[in-house]
Amino acid sequence: MNSKQCVHALLCLLDDLSGRPVFLSIRRGLFIVLPLILLGSFTLLLRNLPFPSAQQAVENFLGPTGLRVCDTLIAGSFGIAALALVCALGGVSVMRASLHDPTAPVISPMLGSVVVLSCFFVVTAPFEDNSWAVGFSLDKGLLLALCVALAASSVFIRLARYRMFHLPEEMAGHDPVVRDVVTVMPAAITTILLFTLLRMVLIENGMADLQAATSKLLMLPFNHSGSGLGFALLYSTTSQLLWFFGAHGPNVLNAVDTNILTPVGLANAEALLHGATPPFVFTKIFFDVFTRIGGSGSTLALAFAIFARCRDRGIKKLCLFALLPALCNVNEPLIFGIPLMLNPAFLIPFLLVPAVQTVVAYTATVLELVPHTTVGIAWTTPVLLAGYAATDSVNGAVLQFINLLLGFLIYLPFVALSDAVREKHGRQVMRDLLEAACRCDVMPQGKCKCLTLPGEVGRLAHTLANDLERELNGHGNRLFLAFQPQCNHATGRVAGVEALLRWEHPIYGPVAPPIAVALAEDMNMADRLGQFVLHAACRQRAAWKGHVPHDLVMAVNITPAQLRNPNFVKKVLRILRNNGLTAPQLELEIIESSILEPDSRTLDMLTRLRVLGVRLAIDDFGMGHASLRYLRAFPVTTVKVDRSLTESLNSTVQEQIVQSILDLSKRLRIATVVEGVEDAEQVRVFTAMGYSTFQGYYFSRPISGNDCLDFVRNFNQGAAENS
């Protein structure tokens, strides 16, 4: 297996893992508590500035009351982050289960949060009231909160699927919210009772304080690990694994700091005081300065790698926002904001970077390239300054820079890999949305093609629909038109140009036009979107006046919603008048599936437009729902042969269909345009049949207005020179 195949296999594995419901639920739960994390991070940094003079200035400015408020703010953010995560995970897990399993009963996300919260209190309640703060806090309570929330939500969802844990619906009344709660009430109560039973078992086995028992269990590997490189790598890796699974590694392993790292740091200081060589390499300051640059996992290196390589502008902006805390070793905004927890794409570098940095710093210290760390410094001291202060040597700052560079280089390919995983998943969701948008079913009044879809596809549809509304309200410039020429092969001139809607989303990139149209229909904005396209197309045609032949036609697609508007004819004429265009310079294209059931009012409007001189075309003709009778029913001037016939003209039957369309069009004096022409062979075949006007990549891709003007000039000039 070559390297490319290995990367592809890894990409598929990471994509599969990242898409697992448990990982998605956790990452989204972490996102929900991100406001608390950001607020707590900046407040914590404000209360722990690295320079005494700066800290004194802050204290003088805030005063005693302001300082107490800051401490309260930290307690109300970091201090309850574990509790908030429990509630968030309960709601998110239940919501995901309801969206992805149509057969499952509807469970209120708020009920899920309440049940999981109750289970968390039941199983972790301390016997001493002052221990609650530990269980609620970000630093020591998060791991247990994560485990309990996942277990409780999983049990509740599973029980709720069994009818034996349901109450009869007639007991719930008419309110649907009350019905959703009452129906699964037995499942909710049973879940809480099961966790009560679990608590009894824990107490009987000497684990009344689950937080203390967890800390004691985590301390076991370090009791006989010594103080050498093996101990350092074990400590670094364990700390990172805890962070990866949702716990603040260094704080959870506080016993290692208290029993091992702090005493050896004091021993180093005492040896230095007596003029002896410090006997220990690994101290708390060593890890803080050389392997936690920006916080656990050397996340400052990750931030720089994201700035250099990441293609997601949203994550880049988040990193920019989190840069100041990261410079002072507060890494929660990065860890929760990306997030790193249970993110398979970052597991390897998250463990590897601190291990490599530990080995490099150990080697440099043993070789006496860098002095031993002995001096205690503020944990928020910025990078480089911390290296110098901790070793009283410029070499300490140089070593920090080298470790930062190594971390940057290790993270770099994984940032690209994470991008690929995220984009692959995003493309699949976008493809699913496009497939839904392109469905030909005629939706009943009040029903939606996209907005009612379940899961991530529906959530993406809602996001894009809101962004589309902002664009149509004038709060963006991402909606625009591209233009594709229609070339007459017989005369060698450009006969017309089709205006095509384009949407370049700032996050999701190009959004396919059928998605934009379907979302506009779902949001009752299809008429507004159509008017936007018509305005922009006529404005561009007016800008070309005097530079292109007067009879160059601008073709614009119109939607069923526009045809249902009784003022549509007036709007078209007003737009033509405002742009100084004549009616024959505009061609309105109607997709044949949209005129499946034409009514008399629609026919009347189209007839009035045709009488006034506006050209009318049927788009995608030949393989859809419309029959040939529409050529008689509508005042059509142009038929556009569907690209499916162009792409697969490989049978006698299809050739006869295409030929019959041309023969009938000629008898009815209707012009024809062949769409989707991509090579010279297609031009040759259709020209031999008698077609003359073509549109497709063989002549030109959809291009900007200025480029289209250049194309028209050059194409027409080439024909004039050859005549």
Side-chain angles (χ1 to χ4, degrees), residues 26-50 54-55 58-59 61-92 110 113-114 116-117 120-121 124 126 129-149 211 242-243 245-252 254 292 294-297 299-300 303 317-342 378-380:
I26 290 173
R27 290 203 296 275
R28 286 173 182 172
L30 295 174
F31 270 125
I32 290 173
V33 301
L34 184 58
L36 299 183
I37 303 305
L38 291 176
L39 187 60
S41 297
F42 280 97
T43 310
L44 187 66
L45 180 58
L46 188 66
R47 289 293 282 121
N48 293 274
L49 292 175
Q55 189 63 57
V58 168
E59 292 175 3
F61 176 75
L62 294 176
T65 302
L67 293 176
R68 282 197 296 272
V69 169
C70 284
D71 292 339
T72 303
L73 196 55
I74 293 172
S77 53
F78 272 18
I80 63 162
L83 198 62
L85 181 64
V86 167
C87 298
L89 273 177
V92 168
M110 293 187 67
S113 296
V114 169
V116 171
L117 185 63
F120 174 71
F121 272 82
T124 63
D129 292 339
N130 59 359
S131 299
W132 277 119
V134 175
F136 293 167
S137 67
L138 172 73
D139 54 354
K140 295 181 181 176
L142 204 63
L143 178 62
L144 200 54
L146 190 67
C147 295
V148 173
Q211 293 285 353
L242 288 170
W243 255 127
F245 285 101
H248 192 303
N251 286 357
V252 172
N254 183 59
R292 294 171 186 158
S296 295
T299 45
L300 188 59
K317 288 180 180 178
L318 176 65
C319 281
L320 187 62
F321 187 74
L323 186 59
L324 178 60
L327 286 171
C328 297
N329 303 314
V330 178
N331 69 341
E332 281 83 359
L334 275 174
I335 283 186
F336 284 79
I338 293 178
L340 291 180
M341 292 182 187
L342 285 173
W379 63 273
T380 53

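Counting begins at 1 with the first residue of the sequence.
Within the 4.5 Å cutoff, no side-chain heavy atoms of Cys87 are placed close to those of Phe120. Contact of the Phe121 side chain with the Leu83 side chain is registered, since non-hydrogen atoms from C-beta on lie closer than 4.5 Å.
The shortest heavy-atom contact between Ala145 and Ala82 is CB-O, 3.6 Å.
Applying the salt bridge (Lys or Arg N to Asp or Glu O under 4.0 Å) test to pairs two or more places apart or on separate chains, none has a residue in residues 74-84. Screening residues 72-81 for salt bridge (Lys or Arg N to Asp or Glu O under 4.0 Å) gives no qualifying pairs among residues at least two apart or on separate chains. Sorted by first and then second residue, the salt bridge (Lys or Arg N to Asp or Glu O under 4.0 Å) pairs involving residues 317-327 (not counting sequence neighbours) form an empty list.
Ala54 is linked by a side chain to side chain contact (heavy atoms under 4.5 Å, CB included) to Leu49, Phe51, counting only residues two or more places apart in sequence or in another chain. The side chain to side chain contact (heavy atoms under 4.5 Å, CB included) check on Cys70 picks up Thr43, Leu46, Arg47, Leu62, with sequence neighbours excluded. Residues forming a side chain to side chain contact (heavy atoms under 4.5 Å, CB included) with Ser41 (at least two apart in sequence, or on another chain): Ile37, Phe78, Val330, Glu332, Pro333.
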Requested in this report: Give the intermediate values and the outcome of side chain to side chain contact (heavy atoms under 4.5 Å, CB included) for residues Asn329 and Leu300.
Outcome: CA-CA 8 Å; Asn329 303 314; Leu300 188 59; over 6 Å; no
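Each of Val33, Leu146, Val116, Leu144 was evaluated against Val86; a single residue qualifies, Val116, per the side-chain contact (heavy atoms from CB on, under 4.5 Å) test.
Between the side chain of Thr299 and the backbone N or O of Asn331 there is no donor-acceptor pair closer than 3.5 Å. Looking at Thr72, its side chain does come within 3.5 Å of a backbone N or O of Arg68 through a donor-acceptor pair.
To the nearest 0.5 angstrom, Ser77 atom OG is 5.0 Å from Leu39 atom CG. The structure places OG1 of Thr380 at 11.5 Å from CG of Leu327, a figure rounded to the nearest 0.5 Å. Rounding to the nearest 0.5 angstrom, the gap separating the CD1 atom in Ile74 from the CG atom in Leu36 is 13.0 Å.
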